[in-house]
Structures are given as structure tokens and as C-alpha cells.
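Okay, structure first, notes after.
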Amino acid sequence: MSDTPETDAERKMQFLYALRSKGVTDKRVLGAMEAIDRGPFVRGLFADRAYEDMPLPIACGQTISQPSVVGLMSQALNITSRDKVLEVGTGSGYQAAILSKLARRVYTIDRHRRLVREARDIFDHLDLTNITAITGDGSFGLPDQAPFDRIIVTAAAEDPPGPLLAQLKMGGIMVVPVGQSDAVQSLIKVHKTESGLEYSELRDVRFVPLLEGLGKDG
Ligand code: SAM
């Protein structure tokens with residue numbers, strides 16, 4: 001074992017290796033995750049743990065998701081470069097930044113004004129010009145911009161929210177953690193087809209809850 005501090009290149013290699021070993025194998029998703037450094041999205045005390053495959057605390061009592069879960073959710077969405085994507089739960093902005101490398105246009109919404117403001121600053125800094133970040137209650141979606149090719153919810157709902165299902169295009173895919181807020185939830189993939197909604201369970205996950213209304217700072 002060497003005591004030499006790891007270089008950025010080594011850290012990146014380990015980060016990508018951890019993603020692959022957890023099942024993130026889609027080349028476009030791995031490319032996006034290589035291009036977007038998680039470092040700027042983690043501030044304060046936990047900044048030096050940004051490259052570990054774990055969720056970490058962010059402002060407003062929320063969390064930035066585990067990178068492998070970000071990768072698996074992005075992969076499950078099967079996004080093309082023509083797609084318009086809605087993310088509910090901007091949080092740190094990390095997932096939206098990954099989506100911005102895969103999709104034509106990304107709308108992301110969070111109930112905390114502060115999180116949206118901070119995420120926007122990072123998007124500007126990284127020149128990610130195809131993301132629009134909005135403060136609001138994302139359970140109602142964004143009717144003005146609907147329909148969406150893909151929808152990703154990064155907070156746990158008791159059921160896939162009806163307004164979001166309604167705003168999904170025919171042929172579209174939605175990924176959402178479903179279950180009681182403080183228990184293990186199931187990550188569900190919903191495919192909207194001519195013959196109805198097809199549901200499949202992807203894996204167990206643990207997300208903060210999807211809450212009603214705006215945050216205190218909203
Ligand atoms: N995707 C984020 C990232 O990349 O950092 C992580 C999201 S965090 C696990 C969940 C987020 O959902 C929190 O920021 C929380 O404020 C937000 N949230 C919860 N309920 C919401 C709602 N009804 N509308 C919009 N955002 C909501």
C-alpha cells in the first residue's frame with residue numbers, strides 16, 4: 001500500500017469502477033458521469049467525500065443521492081438526445097447535470113428556493129445551458145412544459161403522482177421511488193404504452209419523502 005495521495009485521474013477511475021461494479025454499464029450514462037464532477041455539488045463538511053458511492057447531506061436537510069443510484073436511474077430512463085426530461089427534486093443539482101448531458105432539455109423543480117438557487121449557480125458555472133431550474137411543488141409537474149419524454153422523481157412518493165403520469169408522453173418512461181417515507185422503498189419504472197401503464201420494480205432504495213407545498217424558504 002502506498003501513502004501517496006491519489007491523483008484526480010485515479011479518483012475518477014475508482015469512481016467509474018464503483019459505478020460499473022454496481023451495474024451502471026450504459027456507455028452514455030458512464031460518459032455523462034465522467035464529464036460531470038460531483039465535487040462542486042457537495043459543499044461544506046462532506047466535500048471531501050464527494051467521490052464516495054454514498055448519499056451525503058446537503059442544505060435544507062436534504063441529500064445528494066448515491067452516485068450508483070443516480071447512474072441506475074439515468075440508465076433506466078433510456079434517454080435519447082432528442083428527449084425533454086422533467087426531474088422532480090433538484091436537490092444539489094447533480095442528477096440534473098447528468099441528465100443535461102443525455103437529453104435535449106431538462107426541467108428540474110424543487111420545493112426549496114435555496115437549493116434551486118445554488119443549483120442554478122453551478123449550472124451557470126458549468127455552462128449547462130439546457131437546464132431550467134424552478135422552485136415549486138413538483139408533485140403537480142410542470143403543466144406549461146408538458147408533455148415530457150422522460151420523468152424522474154428523486155424523492156419517495158406513496159404512489160406515482162397522477163399529474164406526473166398524465167404529463168408523460170405516450171411511449172415515455174418515468175422512474176420513481178415508491179413507498180413509505182422512512183422505510184425502504186421500491187424504485188419503480190413506469191412505461192406509458194397504448195395499452196396502458198406497465199410497471200416494473202428495479203431495486204430497493206431509500207430516498208427522502210416527496211412533500212407537499214413549498215419549503216420554509218420557498
Ligand atoms: N436529485 C437530487 C440531487 O441530484 O442532488 C437529490 C434529491 S433529494 C434526495 C430530494 C429532493 O426532493 C429534495 O431536495 C427535496 O427538497 C425535494 N422535494 C421533496 N418533495 C418535493 C416536491 N413536492 N416538489 C419538489 N421537490 C421536492
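In each ligand, atom 1 is the first atom listed, and ligand 1 is the first ligand listed.
Checking side-chain atoms of Arg82 against main-chain N and O of Arg104 turns up no donor-acceptor pair under 3.5 Å.
A heavy-atom separation below 4.0 Å is not found between Pro55 and ligand 1.
Nearest protein heavy-atom neighbour of atom 17 (C) of ligand 1: Asp110 OD2, 3.3 Å. Protein heavy atom at the shortest distance from atom 6 (C) of ligand 1 is Thr63 O, 3.3 Å. Summary of contacts: the protein heavy atom closest to atom 21 (C) of ligand 1 is Arg111 CD, 3.4 Å. Scanning the protein heavy atoms around atom 15 (C) of ligand 1, the nearest turns out to be Gln62 OE1, 3.3 Å. Scanning all protein heavy atoms for the shortest distance to atom 10 (C) of ligand 1 gives Thr154 O, 3.3 Å. With respect to atom 20 (N) of ligand 1, the closest heavy atom belonging to the protein is Leu211 N, 2.9 Å.
Residue Gly136 comes nearest to Ile109 through the heavy atom pair O-CG1, 3.6 Å, listed as atom of the first residue, atom of the second, then distance. Closest of all the heavy-atom pairs between Gly71 and Val29 is O-CG1, 3.8 Å.
Aromatic ring pairs are classed by plane angle as parallel below 30°, tilted from 30° to 60° and perpendicular above 60°; the pair Phe15 and Tyr51 is perpendicular.
Here is the list of ligand 1 atoms found below 4.0 Å of a heavy atom in Ser65: 6 (C). For ligand 1 and Gly136, the ligand atoms under 4.0 Å from any heavy atom of the residue are 24 (N), 25 (C). Atoms of ligand 1 found under 4.0 Å from any heavy atom of Asp137 (numbered from 1 in listed order, with element): 22 (C), 23 (N), 24 (N). Counting the atoms of ligand 1 from 1 in the order shown, those under 4.0 Å from a heavy atom of Tyr94 are 4 (O). Atoms of ligand 1 found under 4.0 Å from any heavy atom of Pro209, numbered from 1 in the order shown, are 19 (C), 20 (N). Listed by number with element, the atoms of ligand 1 under 4.0 angstrom from any heavy atom of Gln95 are 1 (N), 4 (O). Set against the non-hydrogen atoms of Ile109, the atoms of ligand 1 under 4.0 Å away are 25 (C), 26 (N). For ligand 1 and Ser92, the ligand atoms under 4.0 Å from any heavy atom of the residue are 3 (C), 4 (O), 5 (O).
With sequence neighbours excluded, no residue forms a ring-ring contact (aromatic ring centres under 6.0 Å, His included) with Phe148.
Looking at Asp137 and Arg111, no side-chain N of the basic residue comes within less than 4.0 Å of a carboxylate O on the acidic one, giving no salt bridge.
Of the candidates Asp83, Thr132, Asn130, Thr132 is the only one forming a side-chain hydrogen bond (donor to acceptor under 3.5 Å, both in side chains) with Arg105.
In terms of N/O distances under 3.5 Å, ligand 1 is approached by Gly138. By the 3.5 Å distance cut-off applied to N or O atoms, Glu212 is not counted among the residues near ligand 1. Taking distance alone, with nitrogen or oxygen atoms compared against 3.5 Å, Gly89 approaches ligand 1 more closely than that limit.
Closest heavy-atom approach to atom 2 (C) of ligand 1 among the candidates Ile64, Leu56, Thr90: Thr90.
The local environment of NZ in Lys84 is crowded, with over 12 non-hydrogen atoms from other residues, nucleotides or ligands closer than 6.0 Å.
A side-chain donor from one of Gln95 and Ser74 sits under 3.5 Å from a side-chain acceptor of the other.
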